[in-house]
Structure formats: C-alpha cells, structure tokens
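Each chain gets a letter, A, B and so on, in the order the sequences are listed, and its residues count up from 1. None of these values were measured; they are calculated from a predicted model.
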There are 4 protein chains.
Amino acid sequence: MARTRREQAEWRREQLLDAALRVFADKGVDGATVKDLAQAAEVTPGLLYRYFDSKEALVQALLTERGFLPQLRERLAGEHDARPAAEVLAGLLGAFDRLLADNADLVTVFFSAGHARAALGELAAEGQRLIGDFLAARAAAGELRPHDSAMAARTLFATVAIGRRTGSPVDVAQLVELLFPQAER
Amino acid sequence: MARTRREQAEWRREQLLDAALRVFADKGVDGATVKDLAQAAEVTPGLLYRYFDSKEALVQALLTERGFLPQLRERLAGEHDARPAAEVLAGLLGAFDRLLADNADLVTVFFSAGHARAALGELAAEGQRLIGDFLAARAAAGELRPHDSAMAARTLFATVAIGRRTGSPVDVAQLVELLFPQAER
Amino acid sequence: MARTRREQAEWRREQLLDAALRVFADKGVDGATVKDLAQAAEVTPGLLYRYFDSKEALVQALLTERGFLPQLRERLAGEHDARPAAEVLAGLLGAFDRLLADNADLVTVFFSAGHARAALGELAAEGQRLIGDFLAARAAAGELRPHDSAMAARTLFATVAIGRRTGSPVDVAQLVELLFPQAER
Amino acid sequence: MARTRREQAEWRREQLLDAALRVFADKGVDGATVKDLAQAAEVTPGLLYRYFDSKEALVQALLTERGFLPQLRERLAGEHDARPAAEVLAGLLGAFDRLLADNADLVTVFFSAGHARAALGELAAEGQRLIGDFLAARAAAGELRPHDSAMAARTLFATVAIGRRTGSPVDVAQLVELLFPQAER
DNA sequence: GATGAATGAGCGTTCATTCAT
DNA sequence: TATGAATGAACGCTCATTCAT
C-alpha cells in the first residue's frame, strides 16, 4: 500500500485523535487513562508520546483541531439565500442542530474538560451573531415583525443547544413558528 | 453547649458536604482528592469514611441531598398568583435564574461529575412542566396569545439556563417581551 | 512496646534513611529505584512519600542529616592535646581515616550523586584548615621543622582520602614519618 | 573526498564516542539518554546500535579506548632525563596534572559510572609505580634524602589528583619542596 | 469519634532497544 | 548506511481506602 513516512505519521496522528475523542467522550478526560487511549488506538502508551507531549496536549489538540467553529461558519453560510425568512431560519437552526449532533462526542469532551465555559461562550457568541444579523436584516426589510434580534438569536440558539444536550432535540420549525408566527411575519 | 451525639454527627456530616461542594466546584470531582476534601473540612481523611462509604458516595449524597429540584418547586410555587401573566412569568424565570446563580457550585459539580445529562434533564423537565402549565392556563384564559406552551417553556428555560452557564445572564423582562409582546397579550 | 506516634514517625524516618544509604551506596542514586528503597526498608513505595517529598529530597536529607562534617570536627577536636606533634598528627589523620571508613557508603553516595565536588570541597577545606592550624602552631613552637603548613595539610588529607577511596588505606605513621622524619623534628 | 567504507565507519564511531564523552560528562552516564547521545552526534538513536550493542557498551568503549593510561605512560616517560631530581619530579607531576585536566570529562565519567574504583586504582597504581621507581633510583644515587619512595609516590599522586578533583590545582614546585626541601636533597 | 500511618493499585511518562523501510 | 516509528518494561509518584491506636 506504499504509504510514505509522512503519510503514515499523519494517519497515525489522526487515528490517535479519533480514538481519543471516542474514549474521552465515553469516560471523560480525567476518567480516561493513557492506557485506555492507547488501547483504543491499538498502539502502546509510549507511542502516544511521539505524537503528543502529554495527555493534556492531546486534549488541546482535540479542542483546537477538531473544534467545530469553522464548520459552524461554513454550514451557516450555506444557508443564507433568498428563500423566505422562516425557511432560511429553520435551515440555519437545523444546521446548527446537526452540527451539535455530529459532534456530540466533542461537546461532551468540552464539558468534561472544564473548558466548557470558554468553548461554549465562543460558539454561542459566533452563532448568535450570525443568526442575529440575519434576523435584523429581515426585520429591517419588513419580512419579520420588529423584534429584539440579539435576544431572539440567543433564545433560538439556547433552545437548540439545550435540546441536544438533554437528549430531546427540538423541532426547529415549531420553534421558529413560536417566535415568528406565520400570521404576523 | 452540650451537643448530643446525634446532633454532632449531623453537624459534622453537613460540614463535610459543605466543604465537598466548595472543593468539587473548585477542582472538579476527579480533580479533588480526599485529602483536599478533608483539609477543607478541617478533619483527617480517615474521618470522612465514617460518614461516607467512598468519595463517590459523597458525590451522590451531594447530588441527592443538595439537589435543587425541591428548591425549584418551592420557589416557583411562590410566584403563582393573580398578577398579570407577564409579571408572573418574569418572576418565575427570575426565580429560576437566581436558583441557578445561588447553586452555581452545584451546577458545576453536576457537569464535572458526568451526571450532567440526568440531572439537567430532570431539572429541565420539571421546570418546563411548571412553566408550561402556567402558560397554558393563561393562554386558555385569553390573557396570552395562543401558542405552543410546551415549546415556549422549553425556550424560556433554555435561554435562562444557557445565560447563566455562559456567564452572561439574560434580562428576563426582555425575554418575556420577545415571546409575548405587550401589544398582543 | 508502647511507642508513641511521634517516636514511631521518627524511628521510621531514620529507618528509611538507613535503608536509603545502603541502597544508594550499592546501586548509586540514579540506579536505585524507589521500589528498591521501599523494599530495603520493608515498606511500600507510597509510604516513602509521607516522609520525603521525592527521591531527590531523600538524597538531600541524607547529605544534610548524615553529613559527616560535624563528626569530623568533633573527632579531630578530641585529638588536640599536649602529646608530641607526630603522635597527635597520626591521631588526627587516623581519626579522619576512620571517619571515611565508617562513612564509606555515604562517600560513595556523594560521588554517585553528582554532589561530589561541593561536598568533597567542603570536607577537604575544613579538614585541611584544622590540620594546617595545628601544624603551623607546632612549627611556630619549634617542635616541627619550618614548612608550608597549608600544603602539608593538603598533602596529608589527600593521601588518606585517596587511600580509602582506592581501597588501600595508608599507614598514617609512615605518612607522618615521610613528611616529618623523626631525625629533624 | 571519496572516503572508503571502512574509513567512514571508523570516523562515525569516533564521532559517536566524542559526542558520548561530552554528553556523559555533562549529564552523567545515567542522566544521559540514548536520544541525547544521538542528537549530540547528529544521528538518530537507531544508528547508535549499529556501532555499539547497548548504551553500556558505549560506556565501556569509552573507558577502554579513551582511557588515559597509555597517555600517562607516554607523557611520564618523556620526563625521565638527566636534569636535577626536583626538576624532573616537578615535570612528572605537572604532566600528570595536565593529563587530568585534559581528560576532565573522562574523569567525570569514571566517577559517574560507578567504575571509579577500578579505573582510579589502575591509574594510581601505574603512576605511583613510575614515580616511585624514579624516586628510589635518585635516592639510591644520593641525590635525594633517604625516604619511603612508595609512600612518597602515593602522597605526590594523591595530592595532585585531589587538587584537580576539588577544582583547586596544586602548585607542583611547592609540593616537591615540601617533601624534598632544597637544603637537604 | 477521630487520627494519621500504611497500603497497593494504578497513574502519566520516559527510555533503551528493535526493526521495517 | 541510516532512519524514526513502535514497543514494553519500568520509572517516580499519587491517592482512595483501611485500620490500629
């Protein structure tokens, strides 16, 4: 299969990150031992230290390299178009919801790692800004009723996030309908 | 002051729980050592085991005996009265917000302990039920616009909770105004 | 046998130092593992850390608390009297020689620990000063031939020390006779 | 420059020994890792094992191939001539002193390696024999006062050696003057 | 009831060594 | 010849837990 050294190293690194994400999500950062991590990646503990300086460095690499802020921007950007506001909004929230679902392990790690506040804050701020700008624009265009766009964005984000977190995902269409009833858009 | 055996034991137990709550919130459940806990309570590690079978048992006792579900019911119950719905609602949400603030340590422990999901779910379910019932009743009475009460309750709860969690508390009056604008109540 | 806690702790500490001295001398500081040290003291590795912060701290305690500089002063002081200079000198050197022999393990540790230079320097300086002063006094009194007392002290010390170190102890009477032949004292 | 295989191999081996001597002297034999050694020689750890069976084998090669006993014989031999005994003696001791200074790293390794006793003993024995023979011959010739030549050789050697070891080199002329005052040679 | 000495399992990490490339 | 990824056996050290006093 002729894999070069460089490729092999990169592949191994990803493999270790993958395994770590799974194990951390399962047992928590403190609860997972280096042995656990190594076994999950089917290597020996020593090897882990060729790729990461410490267990903590592995956590950091996970948070930095697998953080989903870039994905968030990307996914939300794809939803900005000329469709009716309610539809676009549902699309945005749905994208966010799916992002959380796709990264459930990572979210769990965030919380377990004691990095929750910082990571969550960043995510929330960015997401709320994106949604808030959209709402303000559509309200200015008269398509949505006048409202506190920043607060609305907070509300929408929080509801979707908590829904995922408590294991009972929210129906984004119903959520949009609650804040912007069809009758008065 | 002649404290009875029974009183002394109870007092010591509470003292240990108090100290544990502080230490756990500060260092996390895994990060806190039994020695830390003992020092914070100004006793020796050995004594801790007269009152709790293990460190984990101490965590459980904290979650069970210091859980704020009872407080939630009590505080929310006090807000049910004949005032205008928006006012009562702001009161309810404010009470919930203050509850979270007052128990910030405990909330942190919940998250750090990996018991987050269960504990949060319970809290959310109960709180949403209480708020939802109130909303449904007032909507039925025509005081509030017709709406999806369950979803509204979720939204309100989530927004307040995330606000506390990210360190930027929400203004409940503005929140209520967003969902139930004065004009159309 | 009714040993108090305090006594027991002190006894245990000494026991650990004793065992460490033996093991360090046998295997060298780096070569000796904490497990080795614990086994030699017939305790578990963990206990060692109740008495010393680290393996290095144990080495330091050994060097500080078992250092033989105090013994050197004490033993040499006992040899200052009114007997003929050659006799006193032989006594002094003999005392030094015995000190090294009695502390052979510790000397080995000094060398193995990389603290050799500092420790040796201190020992040599002190010993040479004591011997040098004595020589100068007796030379001034006309009992010994005029000579470079500092150099003589260095010579005497070095010869005895190397003798011990290479495993072939020197005959102090012969050594004294070499520097201060009977004929010309 | 077309180096033959054999030359290249020999060159590499020397390079590794050079680097090892430096690193061992700096960090001690136990303290130096194979990685340290490889880096100092600007090769990879694996290559080291093509030239030496183990880290210990490298130490042994250093002690055997870089031992300064041959140098000692060579340098001391060069000092045997017809000049006055005191002058020749000072030359011999000076040569020995310079030898120690030139091989300070190696001496350090000897000590750190726990091979001190054997290596030192050999060196001392050889040196003392060479000096002792010279002293005996000159005493027999009446140029030096009658004395215990073996003991004198020990004394001279020890004093020079300890001087180097403690970092305060001895003045060999003064040393010779102490044992063989000009007046009575 | 309270102590703290003692245990022992297991932690994160290092490192001499091997071997496929 | 030379590489460096990979191993596995320790290493120093921590800590929840026990128990004689």
Trainee: Please classify the nucleic acid contact of C:A32 as base, sugar-phosphate, or nothing, using heavy-atom distances under 4.0 Å.
Mentor: sugar-phosphate
Trainee: Please state how far atom CD in A:E10 lies from atom P in F:dG4, giving the value in whole angstrom units.
Mentor: 16 Å
Trainee: Would you name the heavy atoms of A:L106 and A:L62 that are closest together and state the gap between them?
Mentor: CD1-O, 4.2 Å
Trainee: Tell me the closest heavy-atom pair linking A:L21 and A:V109, and the distance in Å.
Mentor: CD1-CG2, 3.9 Å
Trainee: Using the test side chain to side chain contact (heavy atoms under 4.5 Å, CB included), find all partners of C:D36 that sit at least two apart in sequence or belong to another chain.
Mentor: C:V23, C:K27, C:T33
Trainee: On a heavy-atom basis, which atom in B:P45 and which in B:A38 lie closest, and how many Å separate them?
Mentor: N-CB, 3.5 Å
Trainee: Within the 4.0 Å heavy-atom criterion, would you say D:V34 contacts the bases, only the backbone, or no part of the nucleic acid?
Mentor: base
Trainee: From CZ of C:R6 over to C1' of F:dT21, roughly how many Å is that when rounded to an integer?
Mentor: 18 Å
Trainee: Please tell me if C:K55 has a side-chain N or O lying less than 4.0 Å from either OP1 or OP2 of F:dG12.
Mentor: yes
Trainee: Under a 3.5 Å cut-off on both pairing distances, which runs of 3 or more consecutive Watson-Crick or G-U pairs involve DNA chain F?
Mentor: E:2-21 with F:2-21
Trainee: Would you sort out whether A:L48 and A:V43 count as a side chain to side chain contact (heavy atoms under 4.5 Å, CB included), showing the intermediate values?
Mentor: CA-CA 8 Å; A:L48 212 141; A:V43 297; 5.7 Å; no
Trainee: Which whole-number value in Å describes the distance from C:F52 CZ to E:dA5 P?
Mentor: 13 Å
Trainee: Quick one, which residues of residues 39-51 of chain D touch DNA chain F with a heavy atom under 4.0 Å?
Mentor: D:V43, D:T44, D:G46, D:L47, D:R50, D:Y51
Trainee: For E:dT3 and C:Q8 - does any side-chain N or O of the residue sit under 4.0 Å from the phosphate oxygens OP1/OP2?
Mentor: no
Trainee: Expressed in angstrom and rounded to an integer, what is the separation of B:L58 atom CG from F:dC15 atom C1'?
Mentor: 15 Å
Trainee: Hey, does the side chain of C:K55 reach the backbone of C:V29 with a donor-acceptor pair shorter than 3.5 angstrom?
Mentor: yes
Trainee: Please name all residues satisfying side chain to side chain contact (heavy atoms under 4.5 Å, CB included) with C:Y49, sequence neighbours left out, ordered by chain then number.
Mentor: C:V34
Trainee: Just one of B:L100, B:V107, B:L99, B:N103 clears the side chain to side chain contact (heavy atoms under 4.5 Å, CB included) bar with B:R164, so which one?
Mentor: B:L100
Trainee: Quick one: salt bridge (charged side-chain N to carboxylate O under 4.0 Å, His left out) pairs with a partner in residues 40-53 of chain D, sequence neighbours left out?
Mentor: none
Trainee: A:A61 and A:R13: which non-hydrogen atoms are nearest, and at how many Å?
Mentor: CB-NH2, 4.1 Å
Trainee: How long is the line joining CD of A:E7 and C1' of F:dA5, in whole Å?
Mentor: 15 Å
Trainee: When the nearest nucleotide of DNA chain F is assigned to C:D53 and to C:G31 on a heavy-atom basis, which residue is associated with the more 5' position?
Mentor: C:G31
Trainee: Rounded off to whole Å, could you give me the NZ-to-P distance for the A:K35 and E:dG10 pair?
Mentor: 8 Å
Trainee: Output the residues of residues 12-23 of chain C in contact with DNA chain E, where contact means a heavy atom of the residue under 4.0 Å from an atom of the strand; sort by number or write none.
Mentor: C:R12
Trainee: Could you check whether D:E7 pairs with D:R12 (Lys NZ or Arg NE/NH1/NH2 to Asp/Glu carboxylate O, under 4.0 Å)?
Mentor: no
Trainee: In this structure, how many angstroms lie between the C1' atom of E:dT3 and the CZ atom of C:R5, rounded?
Mentor: 5 Å
Trainee: Could you pull out the closest heavy-atom pair between D:L16 and D:A41, with the gap in Å?
Mentor: CD2-CB, 3.6 Å
